[in-house]
Structures are given as C-alpha cells and as structure tokens.
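Have a look at the structure below, then the notes.
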Amino acid sequence: MRKPIIAGNWKLNKTIDASIELVTLLKRELSDVDEVDIVVCPVFTSLSAINDVILESNIDMGAQNLYWEDSGAFTGEVSAPLIKDAGCKYVIIGHSERRQFFGETNQTVNKKIKAALASGLLPIVCVGEVLEERETGKTFDVVKTQVTQSLAGFTPDELSKFIIAYEPVWAIGTGKTATPQQAQEVHKFIRGIIAEIGNDEIAAALRIQYGGSVKPDNIKELMSQEDIDGALVGGASLKPDSFIALVKGAL
Ligand code: 13P
C-alpha cells in the first residue's frame with residue numbers, strides 16, 4: 001500500500017557531465033521499474049541538465065536544500081519556485097549535514113517546508129539523533145522534538161504530502177548501519193507522532209525512509225521491516241551499479 005521510495009542524495013559530488021552520465025545509465029537500467037519511486041538529488045548546478053535527461057522517464061528529481069524566501073536580496077540562496085522551475089518534484093529539508101554545518105534548526109526547517117509546499121514541492125524532511133544522544137538514551141526525545149517542531153502548524157492535507165527520512169547521524173557515511181530493529185522502532189515511533197499531530201489515516205500512508213550507510217547488501221532486510229518504506233542513500237547512490245541494485249532490492 002505504501003509505495004517504496006529510494007532517493008539518492010548525491011551531496012556535494014559530481015560535475016554536470018558526471019551527473020548526466022550517471023542518470024543516463026539509471027534511466028536505461030531502471031526503465032521497467034514501476035513499483036518503486038526513484039529519485040535523484042544532484043547539486044543545484046546539475047538540476048536543469050538532469051531534468052532534460054529524465055523527462056518522460058520513471059526517475060524524479062529532488063534538490064538538497066532551499067531558502068524560504070521566493071526571491072530578493074539573498075545572495076547565494078536558491079528558492080522553492082526556482083527549484084520547481086528547474087524540474088524538481090522533491091526537496092530534501094533539514095539534512096543532518098545542514099543542521100551540523102550550516103546552522104539549520106527545527107524552526108528553519110519548518111519555514112523551508114512551508115516554502116516547499118507553497119511551490120508544490122514534496123518535502124523529504126530529515127530527522128535523526130547523534131551518537132551521544134543514542135548512547136545516553138535520548139533518541140526518542142530528540143526525534144520527537146525534531147518531528148513536532150519541524151512539522152508544527154501544518155494541516156492534515158499538507159502532512160499527507162510529506163516524506164520523512166530517519167537518518168541516525170552516527171550511521172551516515174560511517175559504514176555503521178542501524179540494525180533493522182533499531183530503525184524499525186524509531187520509524188514506528190515517528191508514525192505514532194504523525195498520528196497524533198495529523199490523524200491515523202495520514203500516519204498509515206506516510207512514507208518513512210531510512211538513511212545511513214544503506215547498501216545493496218542491507219536494503220532487503222531494512223525494507224522487510226513494517227515501517228520502513230524506502231531509503232535515502234548517500235555514498236551508494238553515486239555509482240550506477242550500487243544504486244540500481246538498491247532500487248531492485250526494494251522491489
Ligand atoms: P550514506 O548513505 O553515505 O551513509 O549517507 C546517508 C545520507 O546522509 C543520505 O542523506
């Protein structure tokens with residue numbers, strides 16, 4: 001009932017040519033997959049070129065960030081209408097790297113989600129605890145605060161457009177994946193919060209991705225968990241073979 005969604009977060013990697021090369025291969029090799037939503041999230045400078053490649057394919061595109069104002073004197077920023085104009089369907093908001101290195105907070109995440117929805121973009125909202133929080137038993141408190149503050153003030157109709165990505169920070173780029181059980185208990189917890197702030201129907205339909213060292217050899221076990229509906233993939237999305245294997249592993 002919930003369609004799996006596998007998204008590649010390419011982070012700060014790949015020239016325009018390298019991006020086109022990768023997505024051209026993905027398009028060719030994954031053209032017959034219709035049971036999984038496939039998303040690539042390249043750097044801003046590649047968005048328009050990638051959009052030309054994926055037109056009329058089963059691959060969608062997302063941006064990795066946005067600024068909440070539409071236009072004006074905000075040197076260096078990129079807004080939701082411009083991302084939409086470049087061909088994006090999705091936008092990642094509140095990735096832990098943005099929280100860690102660029103001062104992103106639950107309040108800025110909230111503003112960015114509003115801007116994304118106003119432009120018709122589907123937000124992929126990232127939450128997740130750091131290692132110290134996990135080790136001191138604060139995971140559920142941290143995730144609850146992130147989810148409730150980031151998603152404050154949205155109507156049930158708006159909440160139905162969200163995707164949430166649970167990415168434990170200690171599992172990102174470290175090779176340490178959360179066990180399927182560790183991920184499942186947090187995903188279930190997040191679904192429960194959505195039932196409280198939205199309703200049961202929205203919670204049941206909400207897609208929650210896991211992120212953090214997802215690889216072809218662990219995708220099946222992760223996806224076998226009841227509340228894991230896909231993956232947000234960093235490193236393993238940069239090579240055609242591993243991303244193709246990940247999408248097929250989610251079938
Ligand atoms: P890795 O898959 O490289 O651990 O990165 C996960 C991530 O941050 C996806 O957004």
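All ligand and atom numbering here is 1-based and tracks the order in the structure.
Of the N and O atoms on the side chains of Glu129 and Trp170, at least one donor lies less than 3.5 Å from an acceptor on the other residue. There is no side-chain donor-acceptor pair under 3.5 Å between Thr145 and Gln149. Under the 3.5 Å distance criterion, with hydrogens and angles disregarded, a donor-acceptor pair is assigned to the side chains of Gln184 and Asp227.
Between Phe140 and Phe189, the ring-plane angle classifies as perpendicular under the 30° and 60° cut-offs.
Using a 4.5 Å heavy-atom cutoff, the side chains of Ile83 and Ser119 are not in contact.
Among protein heavy atoms, atom 6 (C) of ligand 1 sits closest to Gly234 N, 3.7 Å. Nearest protein heavy-atom contact of atom 5 (O) of ligand 1 is Lys11 NZ, 3.3 Å.
Set against the non-hydrogen atoms of Gly173, the atoms of ligand 1 under 4.0 Å away are 1 (P), 3 (O), 4 (O). Residue Leu232 approaches ligand 1 through these ligand atoms, each under 4.0 Å from one of its heavy atoms: 9 (C), 10 (O). Of all the atoms in ligand 1, the ones that sit under 4.0 Å from a non-hydrogen atom of Gly212 are 4 (O), 6 (C). Those atoms of ligand 1 that come under 4.0 Å of a heavy atom in Glu167, given as number and element, are 6 (C), 7 (C), 8 (O), 9 (C), 10 (O). The contact set between ligand 1 and Gly235, taken as ligand atoms under 4.0 Å from a residue heavy atom, comprises 1 (P), 2 (O), 3 (O). Below 4.0 Å from some heavy atom of Asn9 lie the following atoms of ligand 1, by number and element: 9 (C), 10 (O).
Counting non-hydrogen atoms of neighbouring residues, nucleotides and ligands closer than 6.0 angstrom, the CD atom of Glu201 reaches no more than 12 such neighbours. Environment of CD in Glu226: sparse, with no more than 12 heavy atoms of neighbouring residues, nucleotides or ligands closer than 6.0 Å. When the shell of 6.0 Å around CD of Glu35 is examined, it contains more than 12 heavy atoms from other residues, nucleotides or ligands. Residue Glu69 places its CD atom among more than 12 non-hydrogen atoms of other residues, nucleotides or ligands, all under 6.0 Å distant.
The side chain to side chain donor-acceptor pair (under 3.5 Å) test with Asp229 singles out one residue from Gln209, His187, Arg191, and that residue is Arg191.
In terms of polar-atom proximity, Ser213 is counted as a contact of ligand 1, with an N or O under 3.5 Å from an N or O of the ligand. The shortest N or O to N or O distance between His95 and ligand 1 is below 3.5 Å.
Heavy-atom distances between Ala7 and ligand 1 stay at or above 4.0 Å for every pair. Not a single heavy atom of Ala236 sits under 4.0 Å from any atom of ligand 1. The closest approach between any non-hydrogen atom of Lys215 and ligand 1 is not below 4.0 Å.
In Ile172, the parts holding a heavy atom less than 4.0 Å from any atom of ligand 1 are both the side chain and the backbone. At a 4.0 Å heavy-atom cut-off, ligand 1 touches Ala171 through the backbone alone.
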